[in-house]
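Each remark here refers to the structure printed beneath this line.
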Amino acid sequence: MTNPSYVRVIIDRAIHRELDYAVPEGLMNRVGVGSRVRVPFREKSALATVVAVTEQSEAKGIRLIEAVVGEAPILSEQLLELGRWICAYYCCPIETVMRSLLPQVIRRAEVGWKKQLFVQPGRKIDNNELEKLRKRAPRQVELLETILRLEAPTRASQLLRQTSLDNQTLRALVKRGLVELREDAVIRDPHANEQFIATSNLILNQEQTHALKEITHALDSPEKSRRILLHGVTGSGKTEIYLQAIRAALDRGRTAIVLVPEISLTPQTVERFKGRFADVQDAVAVLHSHLSEGERHDEWHKIHSGRARIVIGARSAVFAPLKNLGLIIVDEEHETTYKQEESPRYHARDVAIVRAKIEKCVAVLGSATPSLESYHNAAIGKYQLVTLTQRIDEKQMPLMRVVDLRQERRKEKSATILSEKLRAAIADRLEKREQTILFLNRRGFSTSLLCSNCGEARNCPNCSVALTFHRHPAVAGRLSCHLCGHTAAVPKKCPACGKDALIYAGFGTERVESTVSQIFPKAVVRRMDADSMTRKEAYRETLRDFRTGRIDILVGTQMIAKGLHFPNVTLVGIINADLALHLPDFRAGERTFQLLTQVAGRAGRGETSGEVFVQTYTPFSPSIQFARHHDFSGYFQQELEFRERCDFPPFKHAVLITVRSAHEGRAKLSAETLQRRLKEALPQEFILGDATPAPLEKLQGQFRFHILVRGEAIIRLSRLVRETVDKLPFPEDVIVTIDVDPYQLL
Ligand code: ADP
Ligand code: ZN
């Protein structure tokens, strides 16, 4: 190839346009697609990514690029293509997509490798000189003798710590030429202090063997179906299949990405992967949101340079710059945390599918409760369906008992936290020294403060929700808003009517914890939710204490619902199964079914079989009944019929437009105007809803209006919506967001 004379770039700052620049001769052999460059833009200079190199350009008044940033191109053509797809599908500017494709620390190229000083022996010293020195400077000799005994260059800081000698002593030796210092890059490895015990392949059972064969077959036959939906009940050994499938990919000289929901990216999970590939040095890179900038820089380069061949990470790891990709695994593919709730609003599972297509590799989606979208894709033959029906060692699925809270209520008058049956079951487990998990997807102590006289609740001034009361020390005895963080003191009297009639209503995990502790004073009870897990190590410690049996009862939110594996847990109590069911969201039923099945999957993973108590006021709702009988296909059939009847996904794609402003009237007017324009712009085939107040009308001081559009041809719909929105001159304080395939409908 001749040297590029021109490049087309995307500037980091939002300008919605690609620009051409000329390349000065001196830089020609250093620029390629994916290079980072500094270019003159308007009066300043800006960072940009090269997306094409050409020998000609039609652009007028072309300017020269100023510099190349970093060494090599950092974005492959495939990833660039993926970025363009995201841009078109999710209806967002390419600069925004670029921010997801490349972590900030890489784009800026400001953070480099961590350099450290290493010590090694310098010139030879004879005995004579040594003895003279010993008399004059005994400490220098002490240090020198240690250094002469070193087998390899050692970090200066480490050496000084070990010998308790100081830097001055070292410098003196360097000055005499007896010791040399060398600067070298060290890797910031977040797992450096952990030991990973090497594990080897387990002998697969029949169903697993079949599943693995299908995946390796796909690896070996590039022309056949390359998307596999692995539907395996909880505890059926999906992870073991992933591990062996990755090994198969590595054996073929390929690499692999494993996506897991952030919430299940636990030390336990990482350990399993690091342990299995302990024989390949540096094989596994881990990407998640808690890495420091430096760690992220190092992990990214470890991947980019080809040293790491397996990447395990949350959502954004789908963009990991691996070369020769063979396999992308999306574990718990139904999880909604794969959807990014800020622009670009991509869904990592769907991006994984597209990336697999671009890279010509295999995608495996795994779940015990596949999303309706994926299961439908399997049903119509887009994905290949592989099922695992048995738990490992033929362990029984847990026994699900539904507790009708309406009857409990008649007995107790106030809302039931623990039904008699659940209480008895917990007592029984404590007796047998087995463990219990209690699940409630709501934080705090009580979820609203009501006036029993006038009925007024204490609401957040910025959001249309009630304030939650926390006992937790961080917000000690205050009311707080879970949406915007606003806190308020608890009033003595009702501010509305002045009566001393305030009562706490509704309950969250804090209340469950305290109730359980009262009923079972001898039991060790711990809570695990976003409030109790603010310290970084708290999560790890609690899990460890639970695993080693130091905790009898673990109370928590969805943080404990996923992927955890505790053999001694034989009882799971779902305190209120109705919480998700009554949300104004067409996926409410699906979520409830998934949640019940997943939480139930935490029970009976060891020798003893498990029992699950589902407390509910709607015992006959389909989600609860199908989950109770572990009947995925029955559930799937009826839910699918409902979706088809109502033109919801997976039959139609949805696009949710939110118009918001601190000024209610302007938000409403803008939404209505936009809705009228859409009516003109969209052909009949698309279903356009009215502009309506969002279920969560006010959030963080902003009034919100929704317009929902549905249709099959999603890329076309995205484009039409984008164009219509871009043409309208909205008032400055009105913000319009477009969410394609939305998951957050509130
Ligand atoms: P899933 O990911 O489907 O929930 P896991 O892969 O975590 O299931 O497997 C559940 C448990 O069974 C794990 O402890 C795992 O080590 C074990 N296991 C998986 N496959 C086998 C096998 N073939 N033989 C023995 N134990 C297995
Ligand atoms: Zn609020």
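All ligand and atom numbering here is 1-based and tracks the order in the structure.
- Checking H334, E333, H231 one by one against S367, the side-chain hydrogen bond (donor to acceptor under 3.5 Å, both in side chains) holds for a single residue, H334.
- Between Y743 and H347, the two ring planes are tilted [angle within 30° to 60°].
- The backbone and the side chain of T239 each have at least one atom closer than 4.0 Å to an atom of ligand 1 (non-hydrogen atoms only).
- Between Y635 and F626, the ring-plane angle classifies as perpendicular under the 30° and 60° cut-offs.
- Counting heavy atoms from C-beta on, the side chains of V386 and H210 come closer than 4.5 Å.
- Of the charged side-chain nitrogens involved, none lies within less than 4.0 Å of a carboxylate oxygen, so that E332 and R349 do not count as a salt-bridged pair.
- The Zn ion (ligand 2) lies at the vertex of an angle of 110° between the SG atom of C460 and the SG atom of C484 (rounded to 10°).
- Judged by the 6.0 Å distance and 45° axis criteria, R526 is not positioned over the aromatic ring of F546.
- Checking E240, Q244, R272 against atom 16 (O) of ligand 1, the nearest heavy atom belongs to R272.
- Looking at G235 next to ligand 1, an N or O pair under 3.5 Å apart turns up.
- Below 4.0 Å from some heavy atom of I203 lie the following atoms of ligand 1, by number and element: 22 (C), 23 (N), 24 (N).
- In terms of N/O distances under 3.5 Å, ligand 1 is approached by S236.
- Distance check for H486 against the Zn ion (ligand 2): none of its N/O/S atoms falls below 2.8 Å.
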